[in-house]
Amino acid sequence: CCNITDQLLDQNGFTDTCKHWAASAIDYVVSNGIFNGTSESKFEPNAKMNRAMLVTALWRLEGRPLYINEDNVKEITITNGNTGKKAYLTNTEDIAKVAKLLNEMKWQKSYADDPRPRAGYNYMIQVETGNGYRQYQFTEDQILVGGFGGTWHVGEKDCLESLTKYVADKNDNTYDRQVNTAPKPVGGFRDVAAGSWYADAVDWAAEKGIVQGYDEKTFGVADNLTREQLAAILYRYGAYKKYDVKQCGTLANFLDAHKIEPYAKANMRWALGAGIITGRTADTLAPQGECTRAEVAVMLQRFREKYSK
């Protein structure tokens with residue numbers, strides 16, 4: 001920490017974390033791009049963590065996967081960079097095929113600077129969804145995708161062949177333009193606003209089975225995250241990553257273990273056994289206790305350090 005105009009700043013420029021008990025974990029999650037501050041100078045470590053924030057943190061931890069939910073696609077436009085011809089794909093079969101091919105693409109390095117080919121592109125796919133749109137540009141040997149505030153991702157060359165062939169075949173044909181004006185809600189949840197900062201993250205996490213809603217229509221984006229919910233979501237994320245999540249701690253030492261909801265008991269045992277979660281006190285777990293941003297930062301650091309070895 002350093003002292004500037006009588007304010008202690010941590011290395012990320014926050015004025016409210018330097019002497020906090022979780023300062024090192026906060027620095028870890030911010031430095032690794034998992035968390036952002038709530039402003040340029042504030043992290044708000046003692047503020048409550050909501051469900052949308054956690055899903056977004058996991059999405060960032062996963063590398064901001066470029067998942068396309070075919071149910072949420074309005075239209076796919078394919079443009080030939082040489083002729084300018086456009087093909088509009090709106091039928092379910094074509095959208096499902098293009099979404100599958102793009103979702104299977106493996107991505108290499110991400111660039112903060114714009115690395116788009118200066119000599120133009122052979123084809124461009126624009127996928128418009130309820131969350132906004134992304135552009136995928138093809139050259140002879142690479143595909144570039146943009147859609148995260150100027151950051152572009154480069155696809156691996158060996159994934160290009162089938163996608164390029166499909167795009168070229170579609171561009172050779174003409175289709176009636178019939179835009180789907182009523183795409184399904186993000187992840188099926190009606191309380192997840194299209195175009196919101198968390199929409200892509202919820203879409204990805206719901207499709208991978210990492211998160212579940214309270215019911216089929218409600219995710220509870222602004223609801224504060226409880227400790228047992230955190231354990232359940234981290235367990236599912238670990239299982240999705242095929243990590244070893246067989247650790248099993250004991251609940252016998254905690255007086256409030258009986259308060260854990262049935263769905264979360266096995267998850268809490270895992271989180272205790274793996275050292276991700278500890279008791280709020282020596283003999284209480286506080287399973288319905290609401291997590292602060294600092295607490296989640298600590299648990300995500302423990303999770304990543306345990307499973308990134």
Side-chain angles (χ1 to χ4, degrees), residues 20-26 28-29 32 34-35 44-62 187 189 201-202 204-216 218-309:
H20 195 275
W21 64 269
S24 61
I26 292 168
Y28 179 89
V29 295
N32 283 281
I34 302 169
F35 272 46
E44 296 190 65
N46 299 322
K48 300 299 184 183
M49 185 87 172
N50 66 37
R51 287 163 58 85
M53 289 178 183
L54 176 63
V55 172
T56 302
L58 292 179
W59 178 70
R60 292 172 182 152
L61 181 59
E62 187 65 8
F189 303 123
V202 174
W204 161 76
E207 192 273 338
K208 299 301 182 185
I210 298 166
V211 296
Q212 299 171 355
Y214 297 129
D215 54 45
E216 292 183 356
T218 309
F219 179 71
V221 290
D223 290 356
N224 291 339
L225 181 75
T226 67
R227 286 162 58 84
E228 65 183 9
Q229 287 175 352
L230 174 61
I233 292 171
L234 286 182
Y235 176 87
R236 293 188 204 115
Y237 177 64
Y240 159 70
K241 295 290 289 181
K242 295 182 168 50
Y243 294 149
D244 178 8
V245 287
K246 297 176 182 175
Q247 299 86 355
C248 187
T250 180
L251 301 175
N253 300 327
F254 299 100
L255 301 177
D256 57 354
H258 64 283
K259 295 182 180 179
I260 302 171
E261 293 289 342
Y263 81 89
K265 281 199 172 181
N267 307 139
M268 288 293 279
R269 289 192 184 98
W270 160 76
L272 286 166
I276 308 299
I277 286 180
T278 58
R280 272 267 171 92
T281 67
D283 57 6
T284 60
L285 270 176
Q288 279 88 47
E290 296 175 345
C291 301
T292 66
R293 285 167 54 83
E295 288 174 326
V296 176
V298 170
M299 294 179 203
L300 284 180
Q301 181 182 17
R302 291 172 183 162
F303 180 93
R304 191 171 191 236
E305 289 182 341
K306 177 176 181 62
Y307 289 111
S308 63
K309 297 176 180 177

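Under the side-chain contact (heavy atoms from CB on, under 4.5 Å) rule, Met299 has a single partner from Leu54, Ile277, Val29, which is Ile277.
In this structure, CZ in Arg304 is found 4.0 Å from OH in Tyr28, a value given to the nearest 0.5 Å. Separating the CZ atom in Arg60 from the CD1 atom in Ile34 is a distance of 9.5 Å, to the nearest 0.5 Å. In this structure, the separation between CD1 on Ile210 and CD1 on Ile233 is 9.5 Å, given to the nearest 0.5 Å. Going from atom CE of Met268 over to atom CG of Leu285 covers 4.5 Å, rounded to the nearest 0.5 Å. Separating the CH2 atom in Trp270 from the CD atom in Gln247 is a distance of 8.0 Å, to the nearest 0.5 Å. Considering CG of Asp223 and OH of Tyr214, their distance stands at 3.5 Å, rounded to 0.5 Å.
Under the 4.5 Å side-chain criterion, counting only non-hydrogen atoms from C-beta, Gln229 is in contact with Thr226. By the 4.5 Å heavy-atom criterion applied to side chains, Pro45 and His20 are counted as neighbours.
Nearest approach of Val55 to Ala201, heavy atoms of both residues: CG1-O, 3.4 Å. Minimum interatomic distance between Ala294 and Ala22 (heavy atoms only, all atoms of both residues): CB-CB, 3.9 Å. Here the closest non-hydrogen pair linking Ala239 and Val245 is N-CG1, 4.3 Å. Across all their heavy atoms, Phe254 and Leu272 have their closest contact at CE1-CD1, 4.0 Å. Contact record, Phe35 with Leu300: CE1-CD1, 3.6 Å, taken as the closest heavy-atom pair. Of all non-hydrogen atoms in Gln288 and Ile260, the two that sit nearest each other are NE2-CA, 4.3 Å.
Using a 4.0 Å cut-off between a side-chain N of Lys or Arg and a carboxylate O of Asp or Glu, Glu62 and Lys241 qualify as a salt bridge.
In this structure, Arg51 is positioned above the aromatic face of Phe219, its NZ or CZ under 6.0 Å from the six-membered ring centre and within 45° of the axis.
Among pairs with a residue in residues 252-269, none fulfils side chain to side chain donor-acceptor pair (under 3.5 Å), at least two apart in sequence or across chains. Within the structure, salt bridge (Lys or Arg N to Asp or Glu O under 4.0 Å) pairs that include any residue of residues 242-251 do not occur (at least two apart or interchain). Sequence neighbours left out, not one pair with a member in residues 226-239 passes salt bridge (Lys or Arg N to Asp or Glu O under 4.0 Å). For residues 273-291, every residue pair satisfying the salt bridge (Lys or Arg N to Asp or Glu O under 4.0 Å) rule, not counting sequence neighbours, is listed here: Arg280-Glu295.
When the side-chain contact (heavy atoms from CB on, under 4.5 Å) test is applied to Ala52, the partners found at least two apart in sequence or on another chain are Asn50, Trp197, Tyr198, Val221. In terms of the salt bridge (charged side-chain N to carboxylate O under 4.0 Å, His left out) criterion, Lys48 has no residue partners (sequence neighbours excluded).
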Original post:
Can you check side-chain contact (heavy atoms from CB on, under 4.5 Å) on Phe189 and Thr218, steps first, answer last?
Top reply: CA-CA 5 Å; Phe189 303 123; Thr218 309; 5.8 Å; no
Original post:
Step by step, would you call Asn32 with Leu61 a side-chain contact (heavy atoms from CB on, under 4.5 Å)?
Top reply: CA-CA 8 Å; Asn32 283 281; Leu61 181 59; over 6 Å; no
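A donor-acceptor pair under 3.5 Å is formed between the side chain of Thr250 and the backbone N or O of Ala252. Not one N or O on the side chain of Glu305 forms a donor-acceptor pair closer than 3.5 Å with the backbone of Arg302.
In Tyr235, the OH atom is not crowded: 12 or fewer heavy atoms of neighbouring residues, nucleotides or ligands sit closer than 6.0 Å.
Ring orientation note: the planes of Tyr237 and Phe303 are tilted relative to one another, at an angle of 30° to 60°.
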